[in-house]
Amino acid sequence: MFKRIREDIEVIFEQDPAARSYLEVILTYSGLHAIWAHRIAHALYKRKFFFLARLISQISRFFTGIEIHPGAKIGRRFFIDHGMGVVIGETCEIGNNVTIYQGVTLGGTGKEKGKRHPTLKDNVLVATGAKVLGSITIGENSKIGAGSVVLRDVPPNSTVVGIPGKVVVKDGVKVTAHDLRHNELPDPIAEKISDLENKIKGLKEEIERLKPRGE
């Protein structure tokens with residue numbers, strides 16, 4: 001247990017240059033407090049003390065502004081930086097060495113049952129305000145850009161940005177510009193109008209073919 005506590009503190013010194021002393025980190029870092037509270041709540045949750053686990057998570061939410069469901073599975077060296085507004089759902093699975101920033105939601109879409117929240121593999125980074133929704137998997141060493149909304153699986157070693165999130169870098173190679181044209185998102189109204197125009201054109205051609213040749 002003490003080894004895990006020390007790891008939680010050390011990862012803050014590695015990730016946050018503003019961290020100056022152990023006392024400061026232990027007393028003032030809300031992300032650390034939320035993680036420690038979650039470890040207790042998750043242990044109770046696994047032993048089916050659901051009410052007590054949820055009570056601890058809600059008390060932690062009140063003091064830290066970070067909501068982690070006690071059912072979420074979180075690996076080692078997890079770092080929440082400036083964690084206000086972070087939400088982590090019940091069936092989330094988070095690997096080792098994962099970093100998330102303020103305003104991140106690891107949530108559901110409201111449509112799934114069972115496993116309905118994301119899985120983040122090792123060494124994933126999720127930047128400020130990003131929303132990762134549904135039973136999807138974010139591959140190892142991937143990064144989710146600030147403000148992105150991710151609704152589909154992300155391959156390992158990728159960088160995702162935008163709404164909806166799209167891969168812009170994969171395995172160190174930049175994705176072609178054609179794949180990043182957000183102004184080319186589908187327009188259902190324009191598509192319907194185009195479909196009607198094609199049908200009208202086809203009907204006109206059919207009428208011309210049925211006309212008597214002498215006219």
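Remember, predicted model here, so these are calculated numbers, not experimental data.
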Linking I/L/V/M/F/W/Y whenever their side-chain heavy atoms sit closer than 4.5 Å, directly or via other members, would I163 and L151 fall into one cluster? yes
Tell me if a side-chain donor or acceptor on N141 pairs with a main-chain N or O of N123 at a distance below 3.5 Å. no
Assigning hydrophobic clusters by single linkage (Ile, Leu, Val, Met, Phe, Trp, Tyr; side-chain heavy-atom cutoff under 4.5 Å), is V87 placed with I94? no
Less than 4.5 Å apart, side chain to side chain, heavy atoms only: is that true for I9 and F13? yes
Any donor and acceptor pair, going by atom type alone, linking the side chain of R116 with main-chain N or O of G114 inside 3.5 Å? yes
May I have the step-by-step check of side chain to side chain contact (heavy atoms under 4.5 Å, CB included) for I138 and V126, ending in yes or no? CA-CA 10 Å; I138 310 301; V126 186; over 6 Å; no
Counting C-beta onward and ignoring hydrogens, is there a side-chain heavy-atom pair between V154 and V132 closer than 4.5 Å? no
Heavy atoms of other groups near K143 NZ, more than 12 under 6.0 Å: no
Between R61 and E67, does at least one N-O distance fall below 4.0 Å, as a salt bridge requires? yes
Please report the shortest heavy-atom distance between T64 and H33, naming the atom on each side. CG2-CB, 4.0 Å
Between I56 and A41 the two heavy atoms that sit nearest each other are CG2-CB, 4.1 Å
Could you walk me through whether S30 and I66 satisfy the side chain to side chain contact (heavy atoms under 4.5 Å, CB included) test, starting with their C-alpha distance in whole Å, then the side-chain angles of each, then the deciding distance to 0.1 Å, before giving a yes or no? CA-CA 8 Å; S30 60; I66 298 167; 4.3 Å; yes
A side-chain contact here means heavy atoms from C-beta on lying under 4.5 Å apart; do V11 and E7 qualify? no
I need the minimum non-hydrogen distance between V25 and A19, along with the two atoms involved. CG2-CB, 3.9 Å
Are side-chain heavy atoms of P70 and R54 found at a separation under 4.5 Å? yes
Would you compute the distance between atom CG of D153 and atom CD1 of I136 and round it to the nearest 0.5 angstrom? 6.5 Å
Is the ring pair H42/H38 parallel, tilted or perpendicular, if the boundaries are 30 and 60 degrees? parallel
Note, K204 side chain near K201 side chain (heavy atom, < 4.5 Å): no
Could you state the interatomic distance from OH (Y22) to CG (L27), rounded to the nearest 0.5 Å? 14.5 Å
Can you tell me how far apart OH (Y101) and CD1 (I144) are? Round to the nearest 0.5 Å. 13.5 Å
Going from CD1 on I74 to CG on L106, what distance comes out if it is rounded to the nearest 0.5 angstrom? 9.0 Å
Closest contact, heavy atoms only, S142 versus P155: OG-O, 2.8 Å
Look up atom CG in L120 and atom CD in E93, then write down how far apart they are to the nearest 0.5 Å. 10.5 Å
Indicate the atoms forming the closest heavy-atom contact of F78 with I88, along with that distance. CZ-CD1, 4.0 Å
Applying a strict under-4.5 Å side-chain criterion to I, L, V, M, F, W and Y, I'd like to know whether I5 and Y29 cluster together. yes
For the backbone of H117 and the side chain of K115, can you confirm whether one donor and one acceptor N or O come within less than 3.5 Å of each other? yes
Distance (rounded to the nearest 0.5 Å) between Q102 CD and H82 NE2: 6.5 Å
Please answer whether the main-chain N or O of I35 pairs with a side-chain N or O of R39 as donor and acceptor at a distance below 3.5 Å. no
Mind running side chain to side chain contact (heavy atoms under 4.5 Å, CB included) on D81 and Q15 for me, showing each step along the way? CA-CA 9 Å; D81 196 9; Q15 298 273 13; over 6 Å; no
Mind listing the closest non-hydrogen atom pair of R77 and D8 along with its distance? N-OD1, 4.4 Å
Is S158 reaching over with its side chain to a backbone N or O of P156, donor-acceptor style, under 3.5 angstrom? yes
same_hphob_cluster(F62, L55) at 4.5 Å side-chain heavy-atom cutoff: yes
State whether the side chain of D122 and the backbone N or O of N96 hold a donor-acceptor pair below 3.5 Å, judged by distance alone. yes
Would a single hydrophobic cluster contain both L125 and V168, if residues Ile, Leu, Val, Met, Phe, Trp and Tyr are joined by side-chain heavy-atom contacts under 4.5 Å? no
